[in-house]
Amino acid sequence: MIQNIRGTKDILPDQIGQWHSLERIFNEVTTLYGYKELRTPIFEKTEVFSRSIGDNTDIVNKEMYTFIDKGGESVTLRPEMTAALVRSVIQNSLTQEVSALRLWYFGPFFRYERPQKGRLRQFHQFGAECIRSPYPESDVEIILLANQLIRKAGISDYQLNINTLGNDSSRTLYKDELTKYLTSNKEQLSEDSKFRLETNPLRVLDSKSENDKLVIESAPSILDFLDDESRNHFDVVKSMLDDAKVPYKIDPKLVRGLDYYCHTVFEFKSGALGAQDAFGGGGRYDGLFSQLGGKLTPAVGFAMGVERLLLIIENSAPEQVIKQSDCDVFIVCMNENLLKDAFKISEMLRSNGYSTFCDLHRRSMKAQMRETNKLNAKHCIIIGEDEIKRNAVTIKNMITSKQVEIKIDLLHTISFS
RNA sequence: GCGGCUGUAGCUCAGCAGGUAGAGUGCCAGAUUGUGGCUCUGGUUGUCGCGGGUUCGAGCCCCGUCAGUCGCCCCA
């Protein structure tokens with residue numbers, strides 16, 4: 001048997017309803033906030049990602065699906081959207097005509113990782129980006145949008161963590177201090193963290209190793225290294241979230257994995273997910289546009305893992321899905337000679353807006369009645385020789401079991417809902 | 001890339017000192033002539049993940065491999 005590729009999933013007919021309803025929520029909420037959808041190709045020149053995400057992140061080092069195409073060009077299946085979106089915004093000069101460019105996206109992404117709960121090689125993200133404002137109110141707008149979306153998706157048990165990475169100078173100052181501290185305690189750190197200390201010391205902060213945690217506990221905090229600008233930015237974010245009554249927790253150890261973040265960073269967490277407890281996250285990335293060859297353009301955004309969202313929904317409301325009827329009217333056809341009439345009638349009903357099926361197995365009446373019941377149809381129409389002679393059919397209400405004969409000419413006047 | 005656990009009918013699972021598979025569910029049909037849901041009866045389904053090895057004989061033991069799952073790394 002040929003199987004799907006490791007870490008990929010079929011979305012089966014039974015599950016598609018969940019996806020559609022989430023997609024509807026994405027559409028509704030983004031419209032309310034004035035965001036427009038942007039779709040980009042699912043692959044890009046490799047440098048789009050390697051120049052933006054960070055050369056020493058795992059995403060770039062070992063997780064990208066990269067290959068050389070027949071023209072000799074290195075291309076990569078997108079591992080995330082922000083870099084691709086920024087590329088498109090620069091290329092199409094989208095910032096030219098608006099003061100604030102508000103964009104959202106939804107689609108598949110690819111990372112070559114070991115699959116586990118809430119982690120796939122092809123997964124889906126929803127995200128939104130607010131481009132051109134350097135001010136904290138745009139950070140808040142993005143967080144509010146994300147929060148609204150989570151609530152509309154029916155999730156109530158989650159936590160919002162926020163932190164700031166400060167501006168460049170604050171962060172540089174802090175990084176130096178942190179590096180000094182960690183270096184002096186280097187012997188107590190795990191091998192992983194010793195390596196991180198060389199490549200990206202900030203990421204030592206979210207190590208899961210118990211030993212590391214002891215060291216980290218008394219490490220210097222970014223919050224003590226903020227200059228006025230950075231502090232003010234963060235204060236506004238906090239007070240606006242308070243005003244909006246969005247609960248959050250400040251986590252000075254929250255560091256996002258991608259190199260391009262500055263100032264506000266945040267993460268949505270849920271207990272329903274196991275080891276990968278974050279189902280959404282984002283932050284400000286003022287430097288990314290210039291890194292990708294555009295003009296200096298401040299921006300902030302977030303992304304959400306749709307499969308993780310679905311895991312939480314399943315977990316919190318397992319019986320929430322109500323079985324809906326697949327069919328309004330099932331056509332029970334007594335014999336093959338009447339199939340022509342059955343098809344004519346079903347087409348008429350469909351053009352009146354009713355979902356209608358005929359049996360495709362030439363089965364007995366009893367079998368067709370069973371089928372009607374299984375499909376949860378409220379009505380069936382029985383087409384038999386006797387009725388047809390009178391230019392009529394029988395309508396049976398499956399709930400009350402009552403049935404009436406009606407002239408075919410009048411069928412279009414009947415309501416089946 | 002690393003580690004633990006798992007892999008038997010469409011689905012959920014049983015199978016045990018190693019002797020070439022079973023239950024429930026589903027599906028199909030029937031319980032008198034053109035009528036569903038409940039009930040009853042009968043039927044149906046498997047390269048026991050794949051490949052190799054040990055053995056007279058393996059779903060059960062060994063090795064490899066693939067996949068799933070949980071965790072590490074990292075992230076959504």
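Numbered from 1 within each chain, the chains take letters A, B, ... in sequence-line order. Note that the structure is predicted; figures quoted are calculated from it, not measured.
- Side-chain contact between A:Phe126 and A:Leu149: present, with at least one pair of heavy atoms (C-beta onward) separated by less than 4.5 Å.
- Residues A:Lys407 and A:Arg390 meet the side-chain proximity criterion, which asks for heavy atoms closer than 4.5 Å.
- Between the CE atom of A:Met369 and the C1' atom of B:A31 there is a distance of 18 Å, rounded to whole Å.
- Atom C1' of nucleotide B:G37 and atom NZ of A:Lys378 are separated by 16 Å, given to the nearest angstrom.
- Not one side-chain nitrogen or oxygen of A:Arg119 sits closer than 4.0 Å to the OP1 or OP2 atom of B:A76.
- Using a 3.5 Å distance cut-off with no hydrogens or angles, the side chains of A:Ser218 and A:Tyr181 do pair a donor with an acceptor.
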List the steps and the verdict of salt bridge (charged side-chain N to carboxylate O under 4.0 Å, His left out) for A:Lys186 and A:Glu198.
-> CA-CA 11 Å; A:Lys186 193 172 176 181; A:Glu198 305 300 322; 3.7 Å; yes
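- The side chain of A:Lys374 has B:C27 as its nearest neighbour among B:G37, B:C27, B:C72.
- Listed by first residue number, the stems of RNA chain B with at least three Watson-Crick or G-U pairs below 3.5 Å are B:1-7 with B:66-72, B:10-13 with B:22-25, B:26-31 with B:39-44, B:49-53 with B:61-65.
- For the pairing with A:Tyr65, the ring pair (Phe, Tyr, Trp, His ring centres under 6.0 Å) check across A:Phe49, A:Tyr112, A:Phe43, A:Phe109 returns one residue only, A:Tyr112.
- The closest side-chain donor-acceptor pair between A:Ser88 and A:Thr40, if any, does not fall under 3.5 angstrom.
- At the heavy-atom level, A:Gly7 lies under 4.0 Å from the strands shown only through sugar-phosphate atoms.
- Within residues 297-311 of chain A, the residues approached by RNA chain B to less than 4.0 Å at the level of any non-hydrogen atom are A:Gly305, A:Arg308, in residue-number order.
- Note: CD1 (A:Ile395) to P (B:U35) measures 19 Å, nearest angstrom.
- Residues A:Ile131 and A:Thr95 are in side-chain contact: their nearest non-hydrogen atoms beyond the backbone lie under 4.5 Å apart.
- Donor-acceptor pairing under 3.5 Å is recorded for the side chains of A:Asn167 and A:Ser170.
- Atoms CD (A:Glu113) and C1' (B:C2) sit 14 Å apart, rounded to a whole Å.
- A:Gly118 comes within 4.0 angstrom of a nucleotide base, judged by non-hydrogen atoms across all strands.
- For A:Lys9, taking side-chain heavy atoms from C-beta onward, the closest of the listed nucleotides B:U69, B:A76, B:A67 is B:U69.
- A:Leu12 places its CG atom 11 Å from the P atom of B:C11, with the value rounded to the nearest Å.
- In this structure, the nucleotide among B:A67, B:G34, B:G1 sitting nearest to the side chain of A:Gln3 is B:A67.
- Taking atom P on both B:U44 and B:G37, the two are 23 Å apart, rounded to the nearest angstrom.
- Between the side chains of A:Thr30 and A:Glu37, no donor N or O sits under 3.5 Å from an acceptor N or O.
- Between A:Ala278 and A:Lys366, the residue whose closest nucleotide on RNA chain B is further toward the 5' end is A:Lys366.
- For the residue pair A:Glu141 and A:Tyr35, a side-chain donor N or O sits within less than 3.5 Å of a side-chain acceptor on the partner.
- Evaluation of the side chain to side chain contact (heavy atoms under 4.5 Å, CB included) rule for A:Asn337 yields A:Asn335, A:Glu385 as partners, not counting sequence neighbours.
- With B:G1, B:A31, B:A76 as the choices, the nucleotide that has an atom nearest any side-chain atom of A:Tyr112 turns out to be B:G1.
- Using a 4.0 Å heavy-atom criterion, one finds that A:Arg114 contacts the bases of the nucleic acid, with or without backbone contacts as well.
- Per the geometry, CZ belonging to A:Phe126 stands 13 Å off C1' belonging to B:A76, to the nearest Å.
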In residues 152-161 of chain A, what donor-acceptor pairs under 3.5 Å come from side-chain atoms, sequence neighbours left out?
| from | atom 1 | to | atom 2 | distance (Å) |
| --- | --- | --- | --- | --- |
| A:Tyr158 | OH | A:Asn147 | ND2 | 2.8 |
| A:Tyr158 | OH | A:Arg151 | NE | 3.3 |

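- The two residues A:Leu205 and A:Pro252 make their nearest non-hydrogen contact at CD1-O, 4.4 Å.
- When each of B:A31, B:A76, B:U35 is scored by its nearest atom to the side-chain atoms of A:Arg370, the top-ranked nucleotide is B:A31.
- Each of B:C70, B:A76, B:G34 was ranked by its minimum atom distance to the side chain of A:Gln116; first place goes to B:C70.
- Among the atoms of the strands shown, base atoms are found under 4.0 Å from some heavy atom of A:Phe123.
- In the model, A:Ser230 has no side-chain atom that pairs as donor or acceptor with a side-chain atom of A:Arg171 under 3.5 Å.
- Of the residues in residues 379-392 of chain A, those lying under 4.0 Å from RNA chain B by heavy-atom distance are A:Ile382, A:Asp386, A:Glu387.
- Considering OH of A:Tyr248 and CG of A:Asp242, their distance stands at 3.5 Å, rounded to 0.5 Å.
- For A:Glu267 and B:A76, a side-chain-to-base donor-acceptor distance below 3.5 Å is absent, hydrogens and geometry of angles not being considered.
- Of the C1' atoms belonging to B:C13 and B:U6, the separation is 14 Å, rounded to the nearest Å.
- Using a 4.0 Å heavy-atom distance criterion, A:Arg256 is classed as a sugar-phosphate-only contact.
- Contact annotation for A:Gln368: no contact, since no heavy-atom pair falls under 4.0 Å across all strands.
- Rounded to whole Å, atom C1' of B:G34 lies 15 Å from atom CG of A:Asn337.
- Minimum atom distance to the side chain of A:Gln403 is reached by B:U35, of the listed B:C72, B:A67, B:U35.
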With the criterion being N/O to N/O and under 3.5 Å, what pairs connect the protein with nucleotides 47-52 of chain B, and how long is each?
none

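- Separating the CG atom of A:Asp10 from the C1' atom of B:C11 is a distance of 16 Å, rounded to the nearest angstrom.
- When the C1' atom is used for both B:C38 and B:A76, the distance is 48 Å, rounded to whole Å.
- Using a 4.0 Å heavy-atom criterion, one finds that A:Lys402 contacts no nucleic acid atom at all.
- A donor-acceptor contact closer than 3.5 angstrom links the side chains of A:Glu387 and A:Thr394.
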